[in-house]
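Could you have a look at this structure, given as structure tokens, before my questions?
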Amino acid sequence: MAFSSMIRRACSTVVVPIAIRAVGSPRGYHRAAMISSIVQNSRQLRISTRLFSTSSDESLIRTLESEIECAEQPNHKILQHKPESFPFEIQDNQGERTILLTRKYGDEIIEAEVDVPIISPLEDSDDEAEEGEKAENKKEEKEEEEGEDSSIRILVTVSKGSVGPRLEFGLTAFPDEIAIDSFSIKPSDDSDDQLVYEGPNFSDLDESLQNALRKYLADRGINTSTAAFLLEYMTNKDMKEYVVWLENLKNFIKK
């Protein structure tokens, strides 16, 4: 940095005298004047760029601080403690978008990986003339009914001991419903062989078998009350992770 600064000072004080000594003719004089003008314009451009960069950084920092303040406002709709009936231990690591639930059920080990909430998009209006007003109304409705539009993905595995096959359920949980998206039996060797038969699609199973598998999960703690708590818990986690992300961005800009 000091070396480049010294070079810039040398350019502003030495270039013109050298150019003038080399004049010898009107053409040389004009060349010297042109070099002097380029040097001055270059200095002004560097100063303007530096000022613009500082101004944009400060504006970004102010915006981030405002967003952090807004995000840190308490949301009383979110549960702060798990209910007594919640049967799982929660492993929640800051900086990760998922949490891990674990419990024992007889000789079984139940694990559930829960992802951050998914907000269902609202349908666009077909009437372009009223698009702006309807979009604003829908935004307000979405804020009021956010819990109803949200869902979370849960991957549940059921195993017996450290060896042997395991059951795997892919779920989408809503506040009042749990949908089974997929179900399979995974081999014990964690084989990625695509030729392994894992069973039919869950939707293709007989309805009585689908209901029996839903009850199987409910008996192990994967039920609607668990889903409602997890949706609120993950909404809270998502906001906390967002604040940390904003703080990291602000600290980077301030360096």
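What you see is a predicted model, and the numbers here were worked out from it, not measured in a lab.
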Whether over 12 other heavy atoms sit under 6.0 Å from Glu89 CD: no

- request: Might you point out which heavy atoms bring Arg103 and Gly221 nearest each other, and give the distance in Å?
  value: NH1-N, 3.9 Å

- request: Spell out, as yes or no, whether a donor-acceptor pair under 3.5 Å connects the side chain of Asp238 to the backbone of Met234.
  value: no

- request: Group every Ile, Leu, Val, Met, Phe, Trp and Tyr by side-chain heavy-atom contacts under 4.5 Å, then state whether Val156 and Ile109 land in the same group.
  value: no

query: For Ile152 and Pro117, which heavy atoms make the closest approach, and how far apart are they?
result: CG2-CA, 3.7 Å

message: Would a single hydrophobic cluster contain both Ile61 and Leu249, if residues Ile, Leu, Val, Met, Phe, Trp and Tyr are joined by side-chain heavy-atom contacts under 4.5 Å?
response: yes

query: So, for Ala71 and Val243, which heavy atoms are closest and what is the spacing to 0.1 Å?
result: CB-CG2, 3.6 Å

Evaluation steps, side-chain contact (heavy atoms from CB on, under 4.5 Å), between Glu168 and Leu155: CA-CA 7 Å; Glu168 187 173 285; Leu155 181 65; 3.6 Å; yes

message: So Phe174 and Leu231, do their side chains get closer than 4.5 Å, heavy atoms only?
response: no

query: Which distance, rounded to the nearest 0.5 Å, do you find between the CG of Leu217 and the CD1 of Ile154?
result: 9.5 Å

- prompt: Who are the side-chain hydrogen bond (donor to acceptor under 3.5 Å, both in side chains) partners of Asp107, not counting sequence neighbours?
  reply: none

statement: Nearest heavy-atom contact between Ala228 and Pro175 is CB-O, 3.6 Å

Pairs involving residues 235-255, ordered by first then second residue, that meet ring pair (Phe, Tyr, Trp, His ring centres under 6.0 Å) (sequence neighbours left out): none

- prompt: Mind checking what makes side-chain hydrogen bond (donor to acceptor under 3.5 Å, both in side chains) contact with Glu241, not counting sequence neighbours?
  reply: Lys237

- prompt: What distance separates Leu230 CG from Ile90 CD1, expressed to the nearest 0.5 Å?
  reply: 7.0 Å

task: Using the test salt bridge (Lys or Arg N to Asp or Glu O under 4.0 Å), find all partners of Asp115 that sit at least two apart in sequence or belong to another chain.
output: Arg97

field: All side-chain hydrogen bond (donor to acceptor under 3.5 Å, both in side chains) counterparts of Ser59, not counting sequence neighbours
entry: none

query: Given the rule that I, L, V, M, F, W and Y join up when any side-chain heavy atoms are under 4.5 Å apart, are Val244 and Tyr233 in one cluster?
result: no

Atom pair OG1/CD of Thr102 and Glu111 - distance to nearest 0.5 Å: 6.5 Å

- prompt: Between Tyr105 and Ile185, is there a shared hydrophobic cluster once you connect ILVMFWY residues whose side-chain heavy atoms come closer than 4.5 Å?
  reply: yes

- request: Might you work through the side-chain contact (heavy atoms from CB on, under 4.5 Å) test for Arg214 and Ile180, ending with a clear yes or no?
  value: CA-CA 8 Å; Arg214 292 189 186 97; Ile180 301 179; 3.8 Å; yes

message: So which atom in Val158 and which in Phe169 form the shortest heavy-atom distance, rounded to 0.1 Å?
response: CG2-CE1, 4.5 Å

message: Does Leu60 have more than 12 heavy atoms from other residues, nucleotides or ligands lying within 6.0 Å of its CG?
response: yes

query: side-chain hydrogen bond (donor to acceptor under 3.5 Å, both in side chains) between Ser225 and Asn223: does it pass, once the steps are laid out?
result: CA-CA 6 Å; Ser225 61; Asn223 49 41; 2.8 Å; yes

Arg153 side chain reached by Ile118 side chain, heavy atoms, under 4.5 Å: yes

- prompt: What is the distance from atom OG1 of Thr98 to atom CG of Leu100, rounded to the nearest 0.5 Å?
  reply: 7.5 Å

- request: Can you see which heavy atom on Leu209 is nearest to which on Leu205, and at what distance?
  value: CD2-CD2, 3.9 Å

message: Can you tell me how far apart OG (Ser151) and CG (Leu171) are? Round to the nearest 0.5 Å.
response: 11.5 Å

message: Holding to ring-ring contact (aromatic ring centres under 6.0 Å, His included), I want the full list of residues that pass it with Phe86, two or more places apart in sequence or in another chain.
response: Phe88, Phe229

statement: In this structure, CZ of Arg220 is separated from OG1 of Thr226 (nearest 0.5 Å) by 13.5 Å

task: Could you tell me whether the side chains of Asn211 and Ser208 share a donor-acceptor contact shorter than 3.5 Å?
output: no

